[in-house]
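Worksheet: the structure to be examined is printed underneath.
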Amino acid sequence: MVREEISRLLQGAAAAAQQSGLLPQVTLPEITVEPPQRPEHGDYATNLALRLARSARMAPSQIARILIQSLPANDVIARAEVAGAGFINIVLRPEWVSAQLEGILAHGQRFVHNDQGQGRRVQVEFVSANPTERCHAGSGRAAALGDSLANLLALSGWQVQREYLVNDAGGRLQALGETILARYLQALGHPAEVPQDGYHGEFLRQLGQELAAELGDQIMELGHDAAVTHLARLAVERIVALHKADMDALGVHFDTWFREQALHDHGEVAATVELLRERGYVSEREGAVWFSSTALGDDKDNVLIRSNGVPGYLAADIAYHRDKFVRRGFERVIDVWGADHQGHVSRMKAGVQAIGVDPDRLTIIIHQLVTLRRGGEVVKLSKRTGNIVALADVIEEVGRDACRFFFLARSPESQMEFDLDLAKEESEENPVFYVQYSHARTASVLEKAEQRGISPQAWGLGAPDVAVLQHPAELALARFLLRYPEVIYDAAAQLEPHRLTFFAQELARIFNAFYRDCRVLPSERSPHDPPLPVSAARLRLVAAAQQVLAHVLGVIGVTAPRHMARVEEEVLA
RNA sequence: GCCCCGGUAGCUCAGCGGAUAGAGCAGCCGCCUUCUAAGCGGCCGGUCACAGGUUCGAUUCCUGUCCGGGGCACCA
């Protein structure tokens, strides 16, 4: 990465300055090198001198001057100067920047890789929607976030597993079975009521009808309890299949669909409660078994096993995480949860700690909820009444690419407002089309060059020399492309895939500016034709831009089309 | 009452210790004989909720207040 290169040079400068006595022997702070906000402040800037001022007891600008003088000889930096209160602004050598393009093209996709993970195993668990409803829009947000995060980690040297937890056990499953049974009976013309704590939505009513039509009255022979269990199992399988279809529609694929029931079946839940007991984190009162999470800093204790003998979700969740860390041996686990689960974070952390796992190995990303608007009004969400907007409908309306991009275009902690009408009406104005269009342009130029047999060989030029690239728009594009590995690195380190959508848009903007200012292919009669060597070098630049655009779209989960045809408006009556 | 996340341009949102706070959309004005105008240039638009504090420096960190969302079950 470019900034590492610069960082090394600065380190060398500081060491040299200390050796010669120009700077006192103080320990260096961590050197941060980043692109400044304003282009006139150079390609990269560092506040090293400012950070050093206090310990060195010298004026920042003086330190900056010394550092610049002490920079070792190199072919990277064209110019470094003191600016503002003591920043060091750095301008890269254009020849060096251009030469890096060949690196991008030669290394292919490997040029974005980094080794943060060092081959360690990480699991990203996301979506894990309860099998009592279709996926709603919030699941789309979790899907886009989790999948792109997994992509980022994979690029950063982690061995990644994508997991979806199927909550096919516990009290809600009972309510699901009761609900389905009631709907099933109703469909067959028998009197039945969905219980108060059941699911009253249209979706399960239809599922009950479907099952009634398929199974006839054979379920009625089972008796109530057996019927509830049987129907619950049937319903779970159908609903999970629908969830899977929704994920497929978004281009999200999981490595494992983990069944909670398996934990119960294999005695892992009971074993986990026993382990907690051995470690002294269990107390019994009011007929229930409690997890003493207050001992680990949580705000209150929580029930592990209810007084009716049934383990609650917390016992299952701790067992589940023990399974991830201990049995399956993940170094790190990342859970993506909606804001409605925010209250569970502290007890999950406490639970992991109680079973002897360093809680820092568990990261829980909370994304805020998605608010839907239709016709300018908030669509009220209620699982009880079943008035939800299904993810499948959103994908249908807006399209997979726009969905993925839109869901990822905000940081997880900000609430998202999804105006369905607007998203539909303005889909052509959606930023995703802008980025895709830029990619299509790169493809178009390269294709045209191929069709016309344009190549350095055809011109008798030999290998293209990117050092001829000198135009500001060319260099701006080249410099920006070189930032991509840095963006990937930071987004992975911070677990913030939404940065990629902003990078993609900015790259598209810079590419379009280049496209406007710098003609790539000779047209045979235009006075603006570039000389052939420039044309050849620009083709290399376009190829590099295409590679980066296609790559970032891939990480986001959006297709990179080679052609985009505008749908002509019908203007004739 | 307690806990979590927000409050930045008309709208949706980035930025989150540094140099004149950004983008998209909306609005206004221009640009198609030239590699796709789903494009490009320009203009308009901000007390970064409010009040204190820490700092050489705060939209960014801390405390408090107000506003919006979510959570505080022997549901998950």
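Every chain is numbered from 1, with letters handed out A, B, ... down the list of sequences.
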OP1, OP2 of [N] versus side-chain N and O of [X]: anything below 4.0 Å?
X: A/His563; N: B/A38; result: no
X: A/Arg509; N: B/G39; result: no
X: A/Arg410; N: B/A14; result: no
X: A/Ser444; N: B/U36; result: yes
X: A/Arg38; N: B/G22; result: yes
X: A/Lys448; N: B/U36; result: yes

What contact category does [X] fall into here, base, sugar-phosphate, or nothing, at under 4.0 angstrom with non-hydrogen atoms?
X: A/Ala83; answer: base
X: A/Gln342; answer: base
X: A/Ser414; answer: sugar-phosphate
X: A/Gln436; answer: nothing
X: A/Ala45; answer: base
X: A/Ser411; answer: sugar-phosphate
X: A/Tyr437; answer: base
X: A/Glu417; answer: sugar-phosphate
X: A/Pro36; answer: base
X: A/Asp301; answer: nothing
X: A/Ala288; answer: base
X: A/Leu521; answer: base
X: A/Ala440; answer: base
X: A/Leu50; answer: base

| field | Cation-pi geometry met for A/Arg410 and A/Phe406 (6.0 Å, 45°) | value |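 Because its charged atom sits under 6.0 Å from the ring centre and within 45° of the axis, A/Arg410 does stack over A/Phe406.
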For [N], the Watson-Crick or wobble counterpart (both distances under 3.5 Å):
N: B/G68; value: B/C5
N: B/G46; value: none
N: B/C40; value: B/G30
N: B/C25; value: B/G10
N: B/C61; value: B/G53

Nearest-Å distance for atom pair [atom1]/[atom2], residues [X] and [N]:
X: A/Arg57; N: B/C56; atom1: CZ; atom2: P; result: 14 Å
X: A/Leu369; N: B/G71; atom1: CG; atom2: P; result: 7 Å
X: A/Asn302; N: B/A76; atom1: CG; atom2: C1'; result: 13 Å

Would you measure the distance from the [atom1] atom in [N] across to the matching atom in [M] and give it in whole Å?
N: B/U8; M: B/U34; atom1: C1'; result: 42 Å
N: B/G18; M: B/A9; atom1: C1'; result: 23 Å
N: B/G42; M: B/G7; atom1: P; result: 29 Å
N: B/A76; M: B/C13; atom1: P; result: 33 Å
N: B/G1; M: B/G57; atom1: C1'; result: 39 Å
N: B/U20; M: B/C48; atom1: C1'; result: 15 Å
N: B/C44; M: B/A21; atom1: P; result: 15 Å
N: B/G17; M: B/C56; atom1: C1'; result: 12 Å

Side chain of [X]: nearest nucleotide among [options]?
X: A/Gln37; options: B/C75, B/A19, B/G6; answer: B/A19
X: A/Arg306; options: B/C5, B/U36, B/C74; answer: B/C74
X: A/Tyr313; options: B/C74, B/C40, B/A76; answer: B/A76
X: A/Tyr515; options: B/G24, B/C75, B/U36; answer: B/U36
X: A/Asn47; options: B/G18, B/G24, B/C74; answer: B/G18
X: A/Ser307; options: B/C74, B/C56, B/C40; answer: B/C74
X: A/Met564; options: B/C56, B/U36, B/A23; answer: B/U36
X: A/Asp340; options: B/A23, B/G18, B/G71; answer: B/G71
X: A/His341; options: B/A76, B/C13, B/G6; answer: B/A76
X: A/Lys300; options: B/U36, B/A73, B/A76; answer: B/A73

| message | More than 12 heavy atoms of other residues, nucleotides or ligands under 6.0 Å from CZ of A/Arg277: yes or no? | response |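 Enclosed.
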Side-chain ([X]) to main-chain ([Y]) donor-acceptor, under 3.5 angstrom:
X: A/Ser128; Y: A/Leu165; result: yes
X: A/His41; Y: A/Ala83; result: no
X: A/Thr179; Y: A/Ala175; result: yes
X: A/Trp337; Y: A/Ile365; result: no

| Base of B/A19 and ring of A/His41 stacked, centres under 5.5 Å, planes under 30° | yes
| query | Do we count A/Phe87 as stacking onto B/G18 if the rule is ring centres under 5.5 Å and planes under 30°? | reply | no
| Identified side chain to side chain contact (heavy atoms under 4.5 Å, CB included) counterpart of A/Ile318 within the set A/Asp323, A/Leu304, A/Val352 | A/Leu304
| Please walk me through it: do A/Phe511 and A/His439 pass ring-ring contact (aromatic ring centres under 6.0 Å, His included)? | CA-CA 9 Å; A/Phe511 175 77; A/His439 179 268; 9.6 Å; no
| task | Would you mind checking if A/Asp301 and A/Arg347 are paired as a salt bridge, meaning a charged N to carboxylate O distance below 4.0 Å? | result | no
| field | Salt bridge A/Arg483-A/Glu34, side-chain N to carboxylate O under 4.0 Å | value | no
| Which residue lies toward the 5' end of RNA chain B, A/Ala409 or A/Glu40, if each is placed at its nearest nucleotide? | A/Ala409
| field | Nearest-nucleotide 5' precedence on RNA chain B, A/Arg499 against A/Arg562 | value |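 That would be A/Arg499.
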| said: With hydrogens left out and only the distance checked, is there a donor-acceptor pair under 3.5 Å joining A/Asn512's side chain and the base of B/A38? | reply: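 A donor-acceptor contact between them is absent.
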| query | On a plain distance test, is the side chain of A/His344 in donor-acceptor contact with the base of B/A76 below 3.5 Å? | reply | yes
| query | Is the base of B/C5 syn or anti, where syn means the angle lies within 90° of 0? | reply | anti
